[in-house]
Chemist: 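Sharing a structure below in C-alpha cells format, with a few things to ask.
We number each residue from 1, following the sequence as shown. We count ligands from 1, going down the list as the structure has it; atoms in each ligand are counted the same way.
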Amino acid sequence: MSFRVVVLISGRGTNLQALIDAAESYAVIGVVCDRPDALGLRIASDNDIPYSVVARRDFSSRVEQRAALDRVCDQFSPDLLCLAGFMQILEANFVEKHSDTLVNIHPSLLPKFPGLDTHARALAAQEKYHGATVHFVDTVVDAGPIIAQASTPIALTDSEDSLAARVLTLEHELYPWCVNRIAEGMVWRDGGTTKFHQSLKIPSHFRTFPISESSE
Ligand code: GRF
C-alpha cells in the first residue's frame with residue numbers, strides 16, 4: 001500500500017499540484033481545505049482526489065471547527081499531513097498528536113521571516129538570499145525541525161513579485177523532494193531534530209538541517 005499523503009490548503013494550491021505531479025513514493029489521497037472557494041479545490045477534483053471543506057462559518061465555534069478538522073484528517077488515515085498554504089493556526093493538541101507526521105512549507109529561509117509578507121520583508125531587510133523551507137511543525141507558527149531549504153540570490157532589480165515567483169518555483173521542487181524522502185524512510189523526525197538516512201543523496205542546491213546524519 002502506498003504512503004498516504006493528505007494536503008491541507010486554503011488557497012490557489014500550486015504546491016498541492018506540485019505534490020501531485022512529483023509523487024514517486026507516496027500518493028496524495030486527500031485534500032482538506034478551510035475555504036469553499038479555494039482555487040486548489042479544483043486541482044483536487046481535476047485529479048480525482050477526494051477533498052473535504054471544513055469552513056469556519058459552518059461551525060458555531062472555532063473549537064468545533066478544529067474538532068471537525070481533526071476528524072476529517074483522521075478519516076483519510078494519513079501517513080503524512082502536508083500544510084501547503086493552510087492559513088489556520090492549528091491547535092496545540094492537533095500539532096502534538098501529529099508531531100512526527102505534520103510538515104509545512106514556508107516561503108523564507110527560516111528562522112528568518114516567519115509569518116506573512118516574507119518576500120517584502122526579505123527585500124526591506126536587504127537580504128542577499130531568500131528562499132523556502134520545509135519543516136516539521138511545532139506549536140509555534142513557522143517553527144519546528146527544518147528538513148531542507150532551497151535558496152536564491154536576491155537581485156538589485158528584484159520586486160516582491162519577481163522574488164515570490166522565483167521562490168515559488170523552488171517550493172515546487174523542494175516540497176515533493178522532502179515528502180518523497182519521508183515516504184521512503186530516508187528522512188524522519190526525532191524529537192527536536194530531523195534525521196537523515198546515511199545513504200540519502202541530497203541535491204546540491206538543497207541544504208538540509210542538521211547536515212546529513214546517519215540512521216544506524
Ligand atoms: C506558498 O508560498 C507556501 O510556501 C505558503 O503559502 C503559499 C501557498 O501557495 N505557506 P499555493 O497555495 O501552494 O500556491
Side-chain angles (χ1 to χ4, degrees), residues 5-23 26 28 30-47 49 51-55 69 73 80-90 94-95 98 101-124 127 129-152 154 158-180 182 205-209:
V5 168
V6 169
V7 184
L8 284 76
I9 62 167
S10 298
R12 64 193 165 170
T14 66
N15 277 288
L16 167 63
Q17 183 75 67
L19 284 166
I20 295 167
D21 292 345
Y26 64 86
V28 177
V31 171
V32 177
C33 182
D34 64 328
R35 296 190 50 153
D37 58 347
L39 289 176
L41 291 175
R42 179 73 194 267
I43 295 172
S45 62
D46 285 352
N47 286 276
I49 296 171
Y51 61 84
S52 286
V53 177
V54 185
L69 182 74
C73 288
L80 188 72
L81 296 173
C82 293
L83 305 178
F86 188 65
M87 298 305 285
Q88 305 257 326
I89 294 173
L90 296 164
F94 181 93
V95 173
H98 297 286
T101 55
L102 179 60
V103 293
N104 181 42
I105 186 153
H106 182 72
S108 80
L109 297 173
L110 290 172
K112 287 185 176 175
F113 313 119
L116 300 175
D117 301 322
T118 57
H119 311 302
R121 287 157 64 206
L123 285 170
E127 293 288 325
Y129 290 89
H130 187 43
T133 303
V134 176
H135 64 96
F136 289 105
V137 173
D138 275 350
T139 48
V140 176
V141 174
D142 298 326
I146 291 174
I147 299 169
Q149 294 183 324
S151 65
T152 178
I154 297 182
D158 263 323
S159 64
E160 191 178 336
D161 285 349
S162 67
L163 195 52
R166 219 157 58 247
V167 170
L168 194 62
T169 304
L170 295 175
E171 292 183 35
H172 295 163
E173 191 187 355
L174 182 70
Y175 211 0
W177 183 83
C178 292
V179 175
N180 276 309
I182 291 170
H205 54 300
F206 292 168
R207 189 168 168 219
T208 56
F209 294 83

Chemist: Other residues, nucleotides and ligands only: do more than 12 of their heavy atoms fall within 6.0 Å of CZ on R166?
Modeler: yes
Chemist: Under 6.0 Å between ring centres, would you say that holds for H135 and H106?
Modeler: no
Chemist: Any side-chain heavy-atom pair from L102 and L90 closer than 4.5 angstrom?
Modeler: yes
Chemist: Could you find the nearest protein heavy atom to atom 12 (O) of ligand 1 and give me its residue, atom name and distance?
Modeler: G13 N, 2.8 Å
Chemist: Considering non-hydrogen atoms of the protein only, which is the closest contact for atom 10 (N) of ligand 1, and what is the distance?
Modeler: I105 O, 2.9 Å
Chemist: Considering only non-hydrogen protein atoms, determine which one is nearest to atom 13 (O) of ligand 1 and report residue, atom name and distance to 0.1 Å.
Modeler: N15 N, 2.8 Å
Chemist: Measuring from atom 7 (C) of ligand 1, which candidate in A18, A164, G85 has the nearest non-hydrogen atom?
Modeler: G85
Chemist: Can you tell me if G40 has a non-hydrogen atom under 4.0 Å from ligand 1?
Modeler: no
Chemist: State which residue, out of N15, T14, T133, fulfils the side-chain hydrogen bond (donor to acceptor under 3.5 Å, both in side chains) condition with E171.
Modeler: N15
Chemist: Which one of E171, M87, H119, R12 has a non-hydrogen atom at the shortest distance from atom 3 (C) of ligand 1?
Modeler: E171
Chemist: Going by heavy atoms in the side chains, are I182 and I147 under 4.5 Å from each other?
Modeler: yes
